[in-house]
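Here the structure comes first, spelled out in structure tokens, and everything after it is commentary.
No hydrogens, no waters, no symmetry mates; every other heavy atom, side chains included, goes into these values. Protein chains get the first letters and strands the later ones, always in sequence-line order, with residue 1 at the start of each.
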Amino acid sequence: MTPEQLSTAVRDVLAAAVDAGEVSLPDGVPDRVTVERPRNREHGDYATNVAMQLAKKAGANPRALAELLAARLRAVDGVTAVDVAGPGFLNITVSAAAQGELARTVVEQGAEYGRADVLTGTRLNIEFISANPTGPLHLGHVRWAAVGDAMARVLDAAGADVTREFYINDRGAQMDKFGASIMARAHGRDVPDDGYHGSYVGELARAIVEDQPGITELPEDEQLVAFREAGYQRQLAEQQRQLDEFRTRFDVWYSERTLHDGGRVEHALDVLRGKGHVFEADGAVWMRTTDFGDDKDRVLVRTDGGYTYFAADTAYYVDKRERGFDVCIYLLGADHHGYVGRLRAIAACAGDDADRNIEIPIGQMVKILDRGEELKLSKRAGTMITLGQVVDAAGVDALRYSLCRYPADSPLTLDVAQITKHTPDNPVFYVQYAHARLSSILRNAADLGVDRGELDPSMLNHERESVLLGALAEFPRVVATAAELREPHRIARYMEDVAGTFHRFYDDCRVLPMGDEDATDVHRARLWLVDATRVVLANGLGLLGVAAPERM
RNA sequence: GCGCCUGUAGCUCAGUCGGAUAGAGCAGGAGCCUUCUAAGCUCUUGGUCGGGGGUUCGAAUCCCUCCAGGCGCACCA
């Protein structure tokens, strides 16, 4: 019996009590009844607080209402005991057989187990990283690479139609500075003060000159463009390679230039003019974002006739909506949180609901310590910690998992030594090890010729088995919650719980027959449970983009 | 000055439709391998949930206020 089924059963019991005239609910029976796993085992397998929630509406004493529901619940198939406790909690105990059926469900659903449908029908666009193509991805991008990718996977698992998007800022003054910096290096000159000082610029210059020997002979203005474009292409390819290595995938790489070249900016301005939020003042064209909570109005077209970056942001949002996305998610770093107000205002000015059509989660900064020292980037000194260097130090799995295991809105410090060590106090390895251990049991079973056979769920009546089954049953709800709250870290925390629960089961319950023993129904049932546990961990790790090793 | 985020055990942090005695790991202490991975498990010490007020059957959670720390407030990109 899954929590979902039990919740439905409780709701049905409530409805039956209403029909029988034992309870009166002026607002009707609620659609959903919360059934949760109590922290304390003495409170049964599941508990519900419906009686307390509805007591006031029903004009009844919470405990009396609970008693009334308990009497009916006891008759439900698979329920073995119902107690009324405290101010009116219903503590429910489920039979081993009803609970054990879950092992079959999980194994049969396999990779599908855990998928939910809470977001079915929602078209989501999730944009993250969106770095300038003027250099390699660095430390500042790493958190969203991991969390954004995991979030996209979780949203997909919850049934949403997800598009992952990377916005390429390939237009504007920064690009020209980038081109000028490469050109300066190609001629052995100093990079301009406001240019790019990283050592990669020199390497780029060398590679480009080698590839296009005539480039340094071009007139200065043409040469700058040639360097800029060649540098752009190489850096974009480099970023894509870095992300590929980090297992972060995008569906759409959206170039800012195409917004301008395709007339999308003019189009967006027309749309917004039509909504009445555009005005002219001081020779510039503005959008009245203060109508919607922004702290100041924003310029769209400068006095010199050029479009601002904000105009492109506006066009980009309008474009996303016209491409059919219901919700546009922008993952921004804390250093960009000043953009939240104006982005929300864009949505509102476009006639949308800023509380529904746009979401802007803010990720706080990450510090990474290596051998006690903070990996720090300094643009001025030209020292830079690239994504690749961090990956080299910590490994993709450890890095992705560790970044995903904390809520993105809390500041984070990771120690490379801490997240890469192979000890149980490292959550990555604790979870991966559990998966390897499970895989090992399944391998050994095959070697011994023990087949899972038919499941007799009533064999799974050990305390540790019951707790493990209960934990596995939570997976779909955890996925749904993680998706709805945009909090993939819940998946990691959940898996740590499952891994611990499994290790404790393993310690107390022998799965395979020993020596010359014949396999019994208990062995077979435990194999089902082991298989189901392995499925849940594999699916969960998959949601974080972390490997589920079969051997360690 | 205004805005966003954070404040929970010695340390790193979980904890959202408000629920039962506030949790986990580490660190400290004591144990468990003749058979499936000891990269594991068991027991134990440890709290004014930053302070104060409010809402109610019930608050770490919701509201107000104060304190401390981080970040941000361009006709830059």
Side-chain angles (χ1 to χ4, degrees), chain A residues 32 34 36 38-40 42-43 47 49 52-53 55-56 62 85-89 91 132 134 169 171-177 194 256 281-286 293 295-296 298-304 306-312 333-341 360 362-365 405-415 418 421-427 429-430 432-434 436-445 447-448 450 481 484-485 487 489-490 492-493 496-497 499-500 502-515 517 523 526-527 530 551-552:
Chain A
R32 287 190 51 204
T34 306
E36 60 180 14
R39 212 173 276 278
N40 189 336
E42 287 166 20
H43 295 148
N49 59 0
M52 289 179 292
Q53 301 250 305
K56 197 170 272 179
F89 286 102
N91 294 336
N132 292 335
T134 53
N169 295 128
R171 190 174 174 282
Q174 287 304 316
M175 290 299 289
D176 291 335
K177 287 175 187 170
D194 61 350
E256 184 187 355
D282 307 327
V285 178
W286 300 68
D295 44 15
K296 60 187 69 167
R298 306 287 167 178
V299 172
L300 290 162
V301 185
R302 295 190 304 259
T303 40
D304 67 7
Y307 290 116
T308 58
Y309 194 80
F310 177 73
D335 52 343
H336 285 81
H337 82 246
Y339 286 46
V340 173
I360 309 147
I362 297 297
Q364 296 297 316
M365 302 300 181
R405 135 173 231 272
Y406 302 93
D409 59 7
S410 63
L412 179 58
T413 302
L414 294 182
D415 186 317
Q418 190 70 32
K421 65 181 179 181
H422 295 198
T423 52
D425 57 311
N426 179 1
F429 284 90
Y430 187 73
Q432 286 190 319
Y433 177 67
R437 215 178 204 189
L438 286 154
S439 303
S440 169
I441 298 170
L442 295 172
R443 265 197 310 276
N444 293 341
D447 290 348
L448 287 173
V450 178
T481 305
E484 287 178 312
L485 299 177
E487 290 181 346
H489 76 273
R490 287 167 184 275
R493 300 290 172 161
E496 289 163 27
D497 181 54
F502 160 67
H503 285 309
R504 288 185 281 278
F505 154 79
Y506 178 89
D507 206 53
D508 275 9
C509 301
R510 175 79 198 187
V511 177
L512 298 174
M514 290 201 278
E517 268 184 350
H523 295 125
R526 286 179 175 170
L527 263 185
V530 164
R551 294 172 201 274
M552 288 177 74

Determine: side-chain N/O of [X] to OP1/OP2 of [N], distance under 4.0 Å, yes or no.
X: S410(A); N: rA14(B); result: yes
X: H489(A); N: rG15(B); result: yes
X: R302(A); N: rA77(B); result: yes
X: R490(A); N: rU16(B); result: yes
X: N49(A); N: rG58(B); result: no
X: R504(A); N: rU42(B); result: yes
X: Y430(A); N: rC26(B); result: no

State, yes or no, whether a side-chain contact exists between [X] and [Y] at a heavy-atom distance under 4.5 Å.
X: L300(A); Y: F310(A); result: yes
X: N426(A); Y: Q418(A); result: no
X: F89(A); Y: H43(A); result: no

Polar pair under 3.5 Å, donor/acceptor by atom type, side chain [X], base [N]:
X: Y339(A); N: rA77(B); value: yes
X: N91(A); N: rA20(B); value: yes
X: S440(A); N: rC36(B); value: no

If you assign P87(A) and Y307(A) each to the RNA chain B nucleotide with the nearest heavy atom, which residue ends up on the more 5' nucleotide?
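So the residue in question is P87(A).
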Rounded interatomic separation in angstrom, taking [atom1] from [X] and [atom2] from [N]:
X: F502(A); N: rA39(B); atom1: CZ; atom2: P; answer: 14 Å
X: M514(A); N: rC36(B); atom1: CE; atom2: C1'; answer: 10 Å
X: R298(A); N: rC76(B); atom1: CZ; atom2: P; answer: 12 Å
X: L412(A); N: rC71(B); atom1: CG; atom2: C1'; answer: 16 Å
X: M52(A); N: rA59(B); atom1: CE; atom2: C1'; answer: 14 Å
X: D507(A); N: rC43(B); atom1: CG; atom2: P; answer: 11 Å
X: I362(A); N: rC4(B); atom1: CD1; atom2: C1'; answer: 8 Å
X: L438(A); N: rC36(B); atom1: CG; atom2: C1'; answer: 11 Å

Might you work through the side chain to side chain contact (heavy atoms under 4.5 Å, CB included) test for R302(A) and T308(A), ending with a clear yes or no?
CA-CA 7 Å; R302(A) 295 190 304 259; T308(A) 58; 3.6 Å; yes
Suppose you measure atom [atom1] in [N] against the same atom in [M]; what distance do you get, rounded to whole Å?
N: rU21(B); M: rA59(B); atom1: C1'; result: 16 Å
N: rG54(B); M: rA22(B); atom1: P; result: 22 Å
N: rA14(B); M: rC75(B); atom1: P; result: 37 Å

What's [X] touching, base or sugar-phosphate or nothing? Going by heavy atoms closer than 4.0 Å.
X: P407(A); answer: sugar-phosphate
X: E484(A); answer: nothing
X: G86(A); answer: nothing
X: K296(A); answer: sugar-phosphate
X: M365(A); answer: nothing
X: D497(A); answer: nothing
X: A284(A); answer: base
X: A55(A); answer: nothing
X: R405(A); answer: nothing
X: D447(A); answer: nothing
X: A436(A); answer: base
X: H422(A); answer: base

Going by the side chain to side chain contact (heavy atoms under 4.5 Å, CB included) test, name the single residue among D335(A), V340(A), D409(A) that passes it with I362(A).
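Result for side chain to side chain contact (heavy atoms under 4.5 Å, CB included) with I362(A): V340(A).
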Watson-Crick or G-U wobble mate for rU35(B), both contacts under 3.5 Å
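Partner of rU35(B): none found under 3.5 Å.
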Distance to the ring centre below 6.0 angstrom and angle to the axis at most 45 degrees; does that hold for R493(A) and Y406(A)?
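Pair R493(A)/Y406(A) counts as cation-pi.
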Could you classify rC33(B) for me, syn or anti, using a glycosidic angle within 90° of 0 as syn?
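Because its glycosidic torsion lies within 90° of 0, rC33(B) adopts the syn conformation.
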Hey, is [X] stacking on [N]? Ring centres under 5.5 Å, planes under 30°.
X: F89(A); N: rA20(B); answer: yes
X: Y506(A); N: rC36(B); answer: yes
X: H336(A); N: rG72(B); answer: no

Quick one: are the ring centres of Y433(A) and H503(A) less than 6.0 Å apart?
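Ring centres of H503(A) and Y433(A) closer than 6.0 Å.
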Shortest non-hydrogen separation from E256(A) to N169(A) and the atoms involved
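Scanning both residues completely, I find the closest heavy atoms to be OE1-CA, 3.6 Å.
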